Amino acid sequence: MNFSAIVLYALAAICQTSGSSGAAMLAPFFMKEHGYPLALVGIPLVANGVGRVCSDLLSGFMASYFSSGALLVASMALALLTSALGYFFLDLMPVFLGAWTVFGLTEAMFALSLRKIGFDLAPAERQGRVQGQLAAALGIGFTMGPLLGGFVGNRLGPDALFLLYGTPQMLGLALVLAAGAHRYRKASRPSAAPLWQEGLGLLKSPPFIASCLAIFQCFLFLVGVTRVAFPFLALNHRGIGLEAIGAMVSISRLTDTLGRYTGGWLSDRIQAARVILMGISLGIPALALQAYGESYLALLSPLALLTLGFGFTNVGSTTLALQVAPAGAKGLGLGLSRAATSAGQMLGPLLCGWLIERAGYERGFQWMALITAFVLFASWRGLRAAGHGEPVP
């Protein structure tokens, strides 16, 4: 395995996600500053989610026929061009929302292509570890992004969000070119079977469906809790300031990153399916206890435990999806798995907001714990078809 190339790809992932997540933090403030009501400030994030879901399926199909390296370069170049276009036409709302839709498309294509390249480059005994390293790099970027967004927003205002998006993107593009992504030429379709037939086979595979359900639940509550339920709990019911809330969320993203890295290592040691079940299991007590926290530590501890489990589930599910997919449909399998991820990211804030509004914070978090328990049972049943939680050979 070309270790130096993996390092360059990981650094590119940090650059790409720090810029995109930092700009995503500023997007609602941009909408508010331009006169939109609070009910509509999240529209750019919804547009981004729509682009992600569409891109996951399209990119999975394309990765089965075209070079993942070429898709990686194309996604970053398109994002860079879109950020420049958005900067020059900042006051045109159709262009603004269109840019965020394209960002969703390119971000999903970037993440899928990066994981596919990592899987191709890694030997069989290190597949989980490499997936964990790349996922951890993405997690570091997500941790840095809000801090970077706050720094740029305080000094240049929310209108600088496209500048914030494009600058790290440019550095990331230089890194993937240095890693040789444009020269990456791994064949993707050794199988003669039609791709749609192999896709149907995946959708009939209980372990694959279980991995998709697990990663859907992971991102459903990762985004819903950290961006909606937890901040409002800490602010409205505990009187904690925004700066302290931001620090706690950043710490929780660090434990998510730790879970991603160690989850990849564990996937090679104890099987990816067991890592998935362990990650889901951690979320049940964490969600059940979250609303009872009074102090900083009592609030942060369940949140950190929750996101640690999310890191395990994220990497374990991705690794298992790639392992059970046929050789000619690795890209499609990854695309279907990432579509479940994007669907969770898009629906999470809506579900968590609805639960705490209808049931209150205590019962709302308890309902999240019950949903997680159901997903644990369903995932265990699906993974059991692979041999008591072990992936299909």
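These figures come from a predicted structure and were not determined experimentally.
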For a 4.5 angstrom cut-off between non-hydrogen side-chain atoms, does [X] reach [Y]?
| X | Y | result |
| --- | --- | --- |
| Phe142 | Asp256 | no |
| Ile215 | Phe219 | yes |
| Leu299 | Gln290 | yes |
| Leu287 | Pro302 | no |

Any link between Ile251 and Leu233 through a network of hydrophobic side chains (Ile, Leu, Val, Met, Phe, Trp, Tyr) touching at under 4.5 Å? yes
Shared hydrophobic cluster, Leu138 / Leu173 (ILVMFWY, side-chain heavy atoms < 4.5 Å): yes
If you look only at pairs with a residue in residues 70-93, which of them pass as a ring pair (Phe, Tyr, Trp, His ring centres under 6.0 Å), with sequence neighbours excluded? none
Sort and list the pairs that fulfil ring pair (Phe, Tyr, Trp, His ring centres under 6.0 Å) and have at least one residue in residues 340-376, not counting sequence neighbours. His237-Tyr361
Can you list every salt bridge (Lys or Arg N to Asp or Glu O under 4.0 Å) pair that touches [range], not counting sequence neighbours?
| range | result |
| --- | --- |
| residues 143-156 | none |
| residues 281-308 | Arg238-Glu294 |
| residues 296-305 | none |
| residues 130-152 | none |

Exam field: side chain [X] to backbone [Y], donor-acceptor pair closer than 3.5 Å:
| X | Y | value |
| --- | --- | --- |
| Ser83 | Leu80 | yes |
| Ser75 | Leu72 | yes |
| Thr101 | Gly51 | no |
| Thr167 | Leu164 | no |
| Thr307 | Phe310 | no |

Can you list the steps and then say if Leu175 with Gln16 is a side-chain contact (heavy atoms from CB on, under 4.5 Å)? CA-CA 10 Å; Leu175 287 168; Gln16 195 275 342; over 6 Å; no
To the nearest 0.5 Å, what is the distance between CG on Leu11 and CG on Leu171? 8.5 Å
OG1/Thr319 to CG/Asp268 distance, rounded to the nearest 0.5 angstrom? 7.5 Å
Kindly determine whether His34 and Asp91 satisfy side-chain contact (heavy atoms from CB on, under 4.5 Å), including the steps that lead there. CA-CA 9 Å; His34 283 251; Asp91 293 327; 3.6 Å; yes
With sequence neighbours left out, write down each residue that passes side chain to side chain contact (heavy atoms under 4.5 Å, CB included) with [X], or none if nothing qualifies.
| X | value |
| --- | --- |
| Ala304 | Thr255 |
| Met93 | Phe30, Met31, Tyr36, Phe96, Leu97 |
| Leu266 | Ile270, Val275, Met278, Phe312 |
| Ile280 | Ala214, Gln217, Ile276, Thr313, Thr372, Val375, Leu376, Ser379 |

Using the ring pair (Phe, Tyr, Trp, His ring centres under 6.0 Å) criterion, which residues pair with Tyr165? Sequence neighbours excluded. Phe103
side-chain contact (heavy atoms from CB on, under 4.5 Å) between Leu161 and Leu90: does it pass, once the steps are laid out? CA-CA 10 Å; Leu161 79 173; Leu90 195 62; 4.2 Å; yes
Where at least one partner belongs to residues 338-347, residue pairs that pass side-chain hydrogen bond (donor to acceptor under 3.5 Å, both in side chains), sequence neighbours excluded: Asp56-Ser342
